[in-house]
Amino acid sequence: MSSAFDQLARPVQKWIRQQGWRELRDIQARAIRTIYESENDLIVAASTAGGKTEAAFFPLISQVLDAPAEGGGFDVLYIGPLKALITDQAGRLEGICQEVELPVVPWHGDVSQSVKTRAMKNPKGILLITPESLEALFVRRGLEIARLFGATRAVVIDELHTVLDSERGVQLRSLLTRLELAIKRPIRRIGLSATLGDMDLARAYLRPDNAEHVTLIEADGGEAELKLQLRGYLSGGEDDNTPSATDAVAAHLFEHLRGSDNLVFAGARQRVEIYADRLRNLCEQEHLPQEFYPHHASLSRDHRDFVERRLKDNGKPTTAVCTSTLELGIDIGDVTCVAQIGAPFTVAALRQRLGRSGRREGQPAILRQYAVETRLSSDSSFVDRLRLGLIRSIAMIDLLLEGWCEPPKPQALHLSTLVHQILSVIAQRGGAPANVLYSVLCREGPFRQISTAMFTDVLRALGHPETGLIEQTDGGLLLLGQNGERLVEHYSFYAVFKTPEEYRLVSNGRELGTLPIDNILSPGMMLIFSGRRWLVQEIHDREKVIMVKPAKAGVPPVFGGDPGEIHDNVIARMFDVLKADTKPLYMDANALGMLEEARLNYAQIGFTDASLVNLGEETSIIATRVGTMKTTTLALALRGFGFSVEQYDGFLQVEAGDETPLLTEVLTRIGEGEVVDLFAGAGNLLTEKFHPYLTRELLEIDAVSSRLEPRVLATLARAFVSQL
DNA sequence: GACCTGCTGCGGTGTG
């Protein structure tokens with residue numbers, strides 16, 4: 001074996017030999033050398049089951065064994081985004097550590113109190129924890145952080161891409177800074193990831209002050225061959241004898257996926273239930289054993305475990321129809337094919353999903369993309385005519401093949417999470433002056449875009465008598481106010497993300513899953529849920545329970561959701577596809593026919609030469625040719641002038657009212673830099689968990705920073721005016 | 001026009 005192997009501690013070498021491994025993988029050898037020969041932070045990027053965990057832990061465990069820390073404290077900290085992932089990884093690490101008396105401590109909400117108490121008394125070895133449980137340690141045991149982590153050599157962050165610029169990612173980066181401040185020295189950071197669109201940005205996220213010293217270790221090549229098909233289907237119209245597009249897609253899935261393990265990404269929980277129901281019926285009709293199961297976050301843990309077990313190690317063929325629940329996380333083994341119904345929202349998700357297939361030597365990765373479009377009639381809208389879903393699928397596959405995916409958005413302020421961290425630091429220290437808070441969170445921590453003036457505004461909002469989250473002593477120390485105490489004391493404080501209220505669905509004492517509270521149901525209604533059909537018997541509003549019993553028919557429930565966000569590059573590529581005349585080889589005849597139709601209509605409506613087209617007296621269509629953030633900004637501006645506006649991928653449909661000025665005149669004014677109020681017709685600004693404690697002014701600033709781009713408004717408007 | 005993720009400490013009762 002290699003020289004890297006020789007650097008490892010004896011017990012680790014022994015364990016590797018016992019596995020029958022003839023050599024270390026390239027990323028493992030490189031990670032070992034980097035960790036032994038430098039103090040650098042590092043990012044290890046490789047596909048699922050590519051040996052990333054071992055790449056980080058072989059050398060880390062070896063270093064701990066070769067030079068045990070004096071005194072107590074955890075030697076290595078691992079942070080994982082899922083409880084299931086922590087349980088999985090703890091099992092793997094225990095295998096390596098069992099002969100060396102290095103404790104492996106899983107720590108999350110489902111771990112028993114006794115395990116936690118024991119670990120607190122004698123902190124040692126590897127601690128595997130969620131961001132929320134780490135947050136809880138800071139809030140509840142703020143003074144013990146230095147004792148627990150004083151000896152920690154490294155922090156391993158798993159699935160780094162999931163925490164880059166989410167609220168949760170900002171929370172984690174804030175906690176890492178606070179950890180280093182508490183023990184008064186930096187801790188080596190090691191990020192593990194599969195999908196990273198922009199490596200330089202990822203390095204800057206891992207270590208903002210020293211990104212150039214983040215070593216990047218990427219698995220080279222080795223990507224499986226990709227087999228790809230995009231099939232087109234039409235829904236609506238025609239007579240009753242033609243099968244619906246849903247039936248046709250289900251029939252195709254049934255025929256081609258039966259007999260092996262597969263993942264079908266259906267895009268929404270409601271569609272998961274619809275397709276799982278159809279596929280189940282097809283099995284019953286053919287008198288075949290059931291092998292298609294739904295999987296999404298509203299289904300009970302029991303049911304999800306069952307489906308995951310069947311995928312993982314059961315010999316029975318299993319296809320999960322799922323949402324992004326099966327996109328990352330625990331190892332479910334290799335699947336034969338990944339199907340995607342409708343275009344996804346990001347190329348990153350598509351890439352991550354595809355990574356679930358083609359992992360076995362010599363097996364190709366297979367992607368079956370289904371595009372379902374509306375059958376056209378004489379009064380079809382321009383959106384249907386342009387077949388935007390199909391076009392987006394093509395654009396995304398194009399970008400996927402080029403290796404591009406969405407980078408993080410570094411400009412967002414994350415004021416909701418800032419509120420959370422202010423309260424958390426005050427709780428940790430039992431009080432803090434404003435300048436210390438600013439220094440910890442905004443100078444050292446991740447909130448670097450926040451000026452002292454804005455920080456003061458946030459503190460004022462939190463200290464306002466009606467909010468009552470914080471108060472100030474005569475000496476200038478900030479303490480938790482009455483409402484602040486109440487908020488921080490409750491266990492729901494630790495997570496920074498918002499969760500909707502839900503009803504529990506129960507049949508015969510068994511919990512099937514949950515439904516959002518705004519889903520209006522009444523006794524007697526029939527429901528498809530968890531791949532079966534149910535009759536609603538009773539609804540208990542106070543206990544938030546819905547009692548159901550098996551039934552023969554049903555309709556899928558409505559789950560609701562947030563608007564998606566499509567990147568500029570995806571929209572730009574969609575317009576390239578509409579303008580081009582190439583015919584991708586991976587499309588079937590139906591899909592090619594639909595593409596041809598879309599291109600013809602694109603030219604016919606006049607978008608080849610113009611971006612502003614009038615359809616009748618009141619209706620205009622603007623081809624913005626840019627992504628969701630910029631398109632939404634223009635839509636808000638126009639609504640401010642009284643237009644009613646509908647938004648699509650790269651397009652706006654604008655309706656003039658009785659009082660509205662001419663659209664071209666408004667666009668000219670915007671193009672000349674007239675200041676417009678984007679929030680005049682304001683929608684809901686309370687999108688994050690701690691938003692209710694901020695002023696309207698701060699909420700608008702936060703919305704602009706994360707969801708809008710007012711700076712490009714004038715340029716955008718000028719582009720349309722110049723064409724007139 | 002969508003999806004996903006997480007949670008402490010205490011007091012009560014029961015068991016060996």
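Proteins come first, then strands; the chains are lettered A, B, ... in the order of their sequence lines, and each starts at number 1. We use all heavy atoms of the structure for the numbers below, so side chains are in, but hydrogens, waters and symmetry mates are not.
Sorted by first and then second residue, the salt bridge (charged side-chain N to carboxylate O under 4.0 Å, His left out) pairs with a member in residues 487-501 of chain A read A:Glu501-A:Lys544; sequence neighbours excluded.
Using a 4.0 Å heavy-atom cutoff across all strands shown, A:Arg304 reaches sugar-phosphate atoms only and no base atom. Residue A:Gly267 is in sugar-phosphate contact alone, with no base atom involved, counting any heavy-atom pair closer than 4.0 Å across all strands shown.
Distance A:His420 NE2 to B:dT5 P: 19 Å, rounded to the nearest Å. If you measure from atom NE2 of A:His161 to atom P of B:dT5, you get 14 Å, rounded to the nearest angstrom. What separates CE of A:Met396 from C1' of B:dG1 is a distance of 12 Å, to the nearest Å. Atom-to-atom, CD of A:Glu135 to C1' of B:dT5 comes out at 15 Å; the value is rounded to the nearest Å. For A:Glu308 and B:dC4, the CD to P distance is 13 Å, given to the nearest whole Å. One can place CD1 of A:Ile129 at 19 Å from P of B:dT5, the figure rounded to the nearest angstrom. Here B:dC3 presents its C1' atom at 13 Å from CD1 of A:Ile566, a figure rounded to the nearest Å. Taking atom NE2 of A:His295 as the reference point, atom P of B:dA2 lies 21 Å away to the nearest angstrom.
A:His420 and A:Phe690 have tilted rings, their planes meeting at an angle from 30° to 60° on a 0 to 90° scale. Between A:Phe74 and A:Phe149, the angle of the ring planes lies from 30° to 60°, which puts this pair in the tilted group.
One finds no side-chain N or O of A:Arg269 lying less than 4.0 angstrom from the OP1 or OP2 phosphate oxygen of B:dA2.
For A:Tyr275 and A:Phe292, the gap between ring centers reaches or exceeds 6.0 Å.
Within 6.0 Å of the CD atom in A:Glu543, the count of heavy atoms belonging to other residues, nucleotides or ligands exceeds 12.
Using modelled atom types, one finds a donor on one side chain and an acceptor on the other under 3.5 Å when comparing A:Arg707 with A:Thr687. Counted by atom type alone, A:Tyr494 and A:Arg140 present one or more donor-acceptor pairs between their side chains at under 3.5 Å.
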Once base and sugar-phosphate atoms are separated, protein heavy atoms under 4.0 Å mark nucleotides 6-16 of chain B, 5' to 3', with B, S and - as BBBS-------
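At a cut-off of 3.5 angstrom, counting only N and O atoms as typed in the model, there is no donor on one side facing an acceptor on the other between the side-chain of A:Asp562 and the base of B:dG1.
Proximity note for A:Ser324 (side chain, C-beta onward) versus B:dT5, B:dC3, B:dA2: the nearest is B:dC3.
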